[in-house]
Amino acid sequence: MEKIIELENINFSYGNFKAIDNVNIKIGNGIYGLLGPNGAGKTTLMKIILGFLKPSSGKGEILGFNIRENSITMKKKIGYVPEIDCLIPGMNGVALVSYLGELSGMSKQEAIKRAHEVLYYVGLEESRYRNVDTYSSGMKQRIKLATALVHDPELLFLDEPTSGMDPQARNEMLELINDISSKEAMNIIMSSHILPDIEKTCKNILIMNKGKIISEQQISDLNSKHFNVYEIKLKGDVKIFREKLPNCRIERGDKGVFRIQLPNDFPIYSIFKKAYEANVQIRYFRQSKVTLEDAFVTAIGEANAN
Ligand SMILES: Nc1ncnc2c1ncn2[C@@H]1O[C@H](COP(=O)(O)OP(=O)(O)O)[C@@H](O)[C@H]1O
Ligand SMILES: [Mg+2]
């Protein structure tokens, strides 16, 4: 595995508030998702990796460069789509994207040519001469992506790339991200608090909560891990059964099947005991396919319990 990013014991505080709490990660080639609730520290961690914020302790490398050095050579190899709006008012699409291309060292001519290419690629061909102030929030996300791609970086950071998008625009953006990762073979780190977005795009997942990386998952490994998730069918009063299992996540699925996630230390036979106490019958019972949500809920639950 080629080492793209490595962080060791990274800490960072805003004043007295500890936003990043001893983070250690190793990131290789491919597409990584940084998943976590709002306020988990995803944006702060990205800014530290990119050299915008200096960690109070710890060390790290990105593409072989020290994160504290804030190197220009390193920045030329990186594309960044920040969470906030970062468009220059009054400019049209082509002018903005080519200007940012020039800032990353391209000649004017080359930058203009690339601007047209990337604007076409992100689906803004028809609006490329419009003032960016008039863009919808979905178009703004797309042009931010174009500005991050203009210099053909090795590594792309996407901070909440689907924020403010309606479902169709969101799916198109996720397809674009998949395309960049697979066809362009670009390394990507994408943050999101939206679990399905991460699930649809990322093969490797880092789960973040309260400034800590609390879990690392590979989508392909989820089912080999034991998460105590079952599908059951019940006859009787489901409400009473639920009350007997206050620490379990129970979701209603299709055709009267419930999906139930038991805590990891919960012995499976106890569920039959609880059913008996609730006076319900279990008519069907089997281990269920594990989803990223199961892993996420388990990781957050365990982190909060500690
Ligand atoms: N400039 C700042 N000053 C003080 N606190 C901040 C600042 N930026 C972020 N925070 C706090 O740090 C925590 C992590 O924020 P952030 O990295 O933006 O999380 P996320 O991107 O996961 O939503 C939050 O509690 C947030 O309120
Ligand atoms: Mg954020």
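Nothing here was measured: the structure is a model prediction, and the numbers come from that model. The first residue in the sequence is number 1, and the count goes up from there. Whatever order the structure lists them in is the order used to number ligands and atoms, beginning at 1.
Ordered by chain and residue number, the residues placing a heavy atom less than 4.0 Å from ligand 1 are Y14, F17, A19, P37, N38, G39, A40, G41, K42, T43, T44.
Note: K203 NZ to I188 CD1 = 9.5 Å, rounded to the nearest 0.5 Å.
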Salt bridge (charged side-chain N to carboxylate O under 4.0 Å, His left out) assessment of E110 paired with K113: CA-CA 5 Å; E110 192 190 359; K113 183 168 164 282; over 6 Å; no
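Residues satisfying the side-chain contact (heavy atoms from CB on, under 4.5 Å) criterion with N11, sequence neighbours excluded, are K18, D21, N22, S56, S57.
Within the 4.5 Å cutoff, the side chain of S98 has no heavy atoms near those of the K108 side chain.
Vertex the Mg ion (ligand 2); arms to E83 atom OE1 and T43 atom OG1; angle 70° (nearest 10°).
If you look at F258 and F241, their ring centroids are not closer than 6.0 Å.
Side-chain atoms of R249 never come within 3.5 Å of backbone atoms of R259 as a donor-acceptor pair (strictly under, hydrogens ignored).
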